[in-house]
Amino acid sequence: MSAPAPSPLAIVEVDPAHTPERQGEVLTDAALAFVAELHRRFTPRRDELLARRAERRAEIARTSTLDFLPETAQIRADDSWKVAEAPAALNDRRVEITGPTDRKMTINALNSGARVWLADFEDASAPTWENVVGGQLNLIDAYERRIDFTDAGSGKSYALKPAEELATVVMRPRGWHLEERHLQFEGRPVPGALVDFGLYFFHNAKRLLSLGKGPYFYLPKTESHLEARLWNDIFVFAQDYVGIPQGTVRATVLIETITAAYEMEEILYELRDHASGLNAGRWDYLFSIVKNFRDGGAKFVLPDRNAVTMTAPFMRAYTELLVRTCHKRGAHAIGGMAAFIPNRRDPEANEKALAKVKNDKDREAGDGFDGSWVAHPDLVPVARASFDAVLGDKPHQKDRLREDVSVSAADLIAIDTLDAKPTYQGLIDAVQVGTRYIEAWLRGLGAVAIFGLMEDAATAEISRSQIWQWVDAGVVFENGQKATADLVRKIAAEQLAAIRTEVGEDAFTSGKWQQAHDLLLKVSLDADYAEFLTLPAYELLG
């Protein structure tokens with residue numbers, strides 16, 4: 001076989017000093033040729049679908065409502081179709097751990113005792129070029145069992161357990177809206193989703209098959225079944241390109257946008273030969289509700305994010321419909337995140353937090369979910385116990401069809417069924433968490449411990465979106481103060497000064513605090529609402 005022609009992709013180095021070590025092992029001519037072909041074939045359709053998102057958002061702004069699609073009613077009514085049977089490696093998914101693909105996390109996640117690791121190139125990873133390339137290398141090294149890590153601070157060493165004890169990797173590429181400026185075709189950046197998927201698939205598809213697994217993916221930020229169709233076409237092409245059987249790829253779709261909640265069956269149908277399940281992603285889902293219904297009036301104003309629990313009526317409608325949809329079609333239903341970070345220095349607080357996690361996972365297992373997410377290895381046993389109690393030796397509970405569930409279109413957006421209201425402290429918290437997360441993201445960290453929770457980009461999105469919504473709606477807090485741009489600026493200045501005192505002058509100056517403060521105010525207060533804060537943030541990323 002002749003060697004592939006040099007790729008038409010240009011590798012753009014913003015800062016040569018930050019060229020990742022061993023970059024050439026990832027950016028081979030053959031791998032780049034594959035990414036270039038993905039870009040040539042599929043980016044035009046991606047562009048059309050992004051334009052369609054904007055059209056749909058304009059329609060929501062006009063009508064303040066959503067409904068199930070009349071044009072796909074026959075798919076929902078046809079009880080005969082099912083998704084492909086789960087491969088052995090994805091049949092039992094009772095606990096899944098999430099996290100970025102840095103070297104230490106790669107080892108710890110694989111060793112965690114979870115059945116699945118969501119290896120994240122999306123919300124838990126700031127897309128610096130070093131993170132993009134380094135994450136790919138870490139996964140290759142893990143599959144080749146040549147990965148280890150020694151913590152420079154503690155001197156502690158990390159190495160992989162035996163293969164049969166390791167979690168199965170389900171990789172999450174970036175969403176469709178993000179570009180990768182370091183790889184360009186005729187002067188245009190390649191979509192980050194195609195870079196992440198393409199490099200991982202090209203290098204690992206056959207390698208994973210030899211290990212008894214396969215190339216498995218989580219698909220983020222999906223807004224319609226047409227976007228799922230695009231991914232399915234990409235999978236078909238990619239499998240033919242590298243010469244592996246059709247249906248080898250498996251995809252789990254995050255139902256983390258309000259529009260996707262109305263198309264769950266259609267999304268599974270489009271991916272039916274490659275689908276393995278749906279997941280309930282809480283923070284992005286709330287962010288999507290605010291984004292789409294931000295000008296819909298008082299009935300769509302969300303209270304503080306921590307007041308919107310999974311027992312809220314509209315969240316129950318969403319999660320129960322997801323379980324019913326998945327089990328009707330033979331797919332796994334995967335529950336949401338337990339973001340708590342155990343605190344071994346405060347046993348009392350730790351015990352209370354673990355009890356909340358247990359209650360959350362007990363509820364999910366009782367509702368029919370087949371598994372759920374945690375953000376920390378210490379939570380794996382807690383979540384596993386909840387699912388073990390319901391599943392026993394069974395790998396899942398797809399036989400629970402939840403035919404008792406009946407959800408109307410209105411139920412999914414019945415935000416005003418909540419009694420809770422926005423609070424002044426909620427505004428302070430949104431400013432604090434948003435500032436702290438964005439600062440870390442700008443330094444290249446995508447998964448960040450803030451006030452005892454593992455936060456990712458969805459956290460910053462819901463924080464800034466709630467600020468925007470509360471100001472736009474003129475919310476009056478319990479202390480009589482009205483949400484205004486000036487009040488937000490005042491609080492942001494106070495919080496920035498408090499952070500300066502907390503971290504010290506040197507750390508403040510060497511960090512990205514002022515940039516984070518400025519960006520948070522921009523995406524929280526600009527009349528022209530930014531679709532994703534990571535778009536302007538990416539322009540500032542080193």
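As the structure is a prediction and not an experimental result, all values here were calculated from the model.
In summary, Glu59 and Arg56 do not engage in a salt bridge, as defined by a charged side-chain N under 4.0 Å from a carboxylate O. Ion pairing of Arg294 with Asp472 is absent here, as no side-chain N (NZ or NE/NH1/NH2) approaches a carboxylate O to less than 4.0 Å. Between Glu320 and Arg402 there is a salt bridge, since at least one side-chain N of the basic residue sits less than 4.0 Å from a carboxylate O of the acidic one. Classification of Glu455 and Arg305 as a salt-bridged pair holds, one side-chain N sitting under 4.0 Å from a carboxylate O.
The aromatic ring centres of Trp231 and Phe235 sit less than 6.0 Å apart. Ring centroids of Phe197 and Phe121 are separated by 6.0 Å or more, keeping the two rings apart. The aromatic ring centres of Trp373 and Tyr218 sit less than 6.0 Å apart.
By the 30° and 60° cut-offs, the orientation of the rings of Tyr262 relative to Phe68 is tilted. Using cut-offs of 30° and 60° on the angle between ring planes, the pair Tyr200 and Phe217 is perpendicular. Ring geometry for Tyr424 versus Phe477: interplanar angle over 60°, hence perpendicular rather than tilted (30 to 60°). Under the 30°/60° scheme for interplanar angles, the aromatic rings of Trp468 and Tyr529 are found to stand perpendicular.
Enclosure of atom CG in Asp419 is not indicated, since only 12 or fewer non-hydrogen atoms of other residues, nucleotides or ligands lie within 6.0 angstrom.
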Salt bridge (Lys or Arg N to Asp or Glu O under 4.0 Å) evaluation trace for Arg188 with Asp47: CA-CA 13 Å; Arg188 180 189 171 171; Asp47 294 344; 2.9 Å; yes

After noting the C-alpha distance and the side-chain angles of Thr325 and Glu265, does the key distance pass the side-chain hydrogen bond (donor to acceptor under 3.5 Å, both in side chains) rule? CA-CA 6 Å; Thr325 301; Glu265 287 197 77; 5.1 Å; no

Verify side-chain hydrogen bond (donor to acceptor under 3.5 Å, both in side chains) between His327 and Asp370, making sure each step is shown before the conclusion. CA-CA 10 Å; His327 289 183; Asp370 304 295; 2.8 Å; yes

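No option in Leu496, Leu442, Asp518 other than Leu496 meets the side-chain contact (heavy atoms from CB on, under 4.5 Å) test with Trp513. Just one residue in the list Asp367, Thr417, Thr311 forms a side chain to side chain donor-acceptor pair (under 3.5 Å) with Arg316, and that residue is Asp367.
Shown here are the salt bridge (charged side-chain N to carboxylate O under 4.0 Å, His left out) partners of Glu539, two or more places apart in sequence or in another chain: there are none.
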